[in-house]
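Data first, discussion second: the structure below is written as structure tokens.
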Amino acid sequence: MNSLYLIAIALIFVASFFLIFRNFKLSLYVLLTLSVLLHKELFSFYRWDLMPVRLFMLALFFVGIVKTYFYVVKHGGIKSLLPYIKDPFIALLLLIWLTRGLSIIFSKNLQASIFLFGFFTTIIVLGIYLYLTFKDSPAELFKYLRFFIYLVFALTIFGYFQLFYFSKTTQVIGAMWPVPGKIPRVGSTFWDVNHYGALIAALIPILFSFILFGKNKKLRILDVLILISYLASLLLTNSRTAWMLAGFSFMFFVTIILIRKFGAKGILYILLAITLVSAPFIYEYNQKKSSFRRMVRDAFHYRIDSFDSHFMLLEGTYQVFEKYPFLGGGYGSFFEHFSKTKIAAEFFTRDTAALTNRVPAHTIWGESLSETGIFGTVPFVIFLLLALIVPLYVFFKGENKEQRFLGGMISSILFGWYLAGVFYSYNSEFFWILVFSYFIWGVGAVGKDWFKKVLEHFLTDNKVIFYGILTVGALLIFSGLGKNYLIPWDEAIYAKVAKNMVANNNYMVPHWDNLSKGWYEKPPLYMWMMSVPMRLIGFNSWSARLPSALFGLLTIVLVYLLAKKLFNKTTAFISSL
């Protein structure tokens, strides 16, 4: 059996090497096909993470070395590579690669770190290959995306077969997680159902654009059928993070549409719409006997241990970062460092499966922060931010309606993925393939001097500066709003008065500790405002502080607008910041 494995490994590697060397564009179809064959029991050799796609990527790495050598020899030395290294896309990738490599100094598991760094090295080579191949012909990328969409459609069909076969035999084929009393979570050929769900969610907007702008009627009908299959499969994954990805992507797209049409008022419209739509659902959820509450908790919290574990891992990533703030604890050795954090004991008690498995950080951002520190996270964040704003620039400045729509869709996908990535890490080939493809499409759509054009637009546009201030203000004010207890005396007293208003349904006569005697020390307006979120969200420090936080954010807006009117946008930016 071992000799057969070795023969298979050698054949896949050699075949991949020669195909990539002779025709990189053709080899991409092979890469896309292999990138979805991720079930460890079905496709791995020797090690759980050695699969055909990794052998292909290794072959790509060696092709890159050979072609770079020939290029350097032909063009007169290492200096001939400088124009490429100076390119912002390639420079950022190399900087991320370098800092992740340096972080291994602090690794507590050198073997795991070297293997993961080797994987990421092949990802860097892929990114550079894709960039140099398609940056001047971005439309060509959609030929591969369409193939990818058809490929994933085949996965959804296989997923239905998995479910049918399980219902008849109770036997599991591929990735499927039986959940007692519920429909099994279907993952098709993936190992991780959440990865499968995220891939579907990240392709749905592109599929929708094909339906909207497709010229071939028969092809559009097929795309509609594929979209229906995608949506059904997304539900069958029962992946909370994939649903978050899809939901946040949709909200972001609607927001930028409104901003484009109405300017700053668009943000107010979307906030108003979210408030009006969500308020009855929030109110209903906070009723303990509500059937809606039971349905939501049943869908999202049927594994309370998993839900809580994600937050413990987030807390653990920050504790590792506190100990290794500059270069992190070593790329690939999160588990070893996490095991020694304060939160680890509670985590292992809650999630006993982690005692026998090396658990990753389960977060894109926390993984980077804990393993590579500030020096590794800053270029990583800049790269992903550029990947977001380049297609966003196309949305606002695109040449035609179709291009603008695609730019908006792509930026929305990435925004949703980044938010879902707070609770899950997608460090696999399919994630990087799509991020690179979407980024490179945006670069090609912007055209020559893309970096300069995008930066000039987003750093000098008054609206962008205003939205940036608004975003920073909201993050700083709302991120820890409900973390601490209410402060004695005043804050707690006002909250108790508001709570009594809601509990007794008496808003005209304020009460504090003595319900038979009115409390008239302060005007009731602020307590009235606190009572609204308490009625909707429940009695907690977050709802009590919400009115104050909203007015705090509005104060920042007021300072910005007033300084801009009296002086200029630079003064407005500095003063509001």
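Nothing here was measured: the structure is a model prediction, and the numbers come from that model.
Below 30°, between 30° and 60°, or above 60°: for Tyr324 and His337 the angle between ring planes is above 60°, a perpendicular geometry.
Taking the six-membered ring for Trp and the full ring otherwise, His39 and Phe190 have centroids separated by 6.0 Å or more.
Residues Arg545 and Asn484 bring no donor and acceptor atom of their side chains to less than 3.5 Å of each other. Neither side chain, Tyr196 nor Ser239, offers a donor N or O lying under 3.5 Å from an acceptor on the other.
Heavy atoms of other residues, nucleotides or ligands lying less than 6.0 angstrom from CD of Glu346 number 12 at most. For Ile183, the CD1 atom sits in a loose shell: 12 or fewer heavy atoms of surrounding residues, nucleotides or ligands are nearer than 6.0 Å. Under a cut-off of 6.0 angstrom, the local environment of CH2 in Trp97 is sparse, with at most 12 non-hydrogen atoms contributed by other residues, nucleotides or ligands. More than 12 heavy atoms of other residues, nucleotides or ligands sit less than 6.0 Å from atom CZ of Phe539.
Thr341 is not listed as a side-chain neighbour of Glu315, based on a closest heavy-atom distance of 4.5 Å or more.
Closest non-hydrogen pair, Val381 versus Trp365, comes out as CG2-CZ3, 3.8 Å. Here the closest heavy-atom approach between residue Thr189 and residue Val36 is recorded as OG1-O, 2.6 Å.
Under 4.0 Å is where a charged nitrogen must lie from a carboxylate oxygen, and between Arg100 and Glu371 no such pair does.
Between the side chain of Gln162 and the main chain of Ile173, a donor-acceptor pair closer than 3.5 Å is present.
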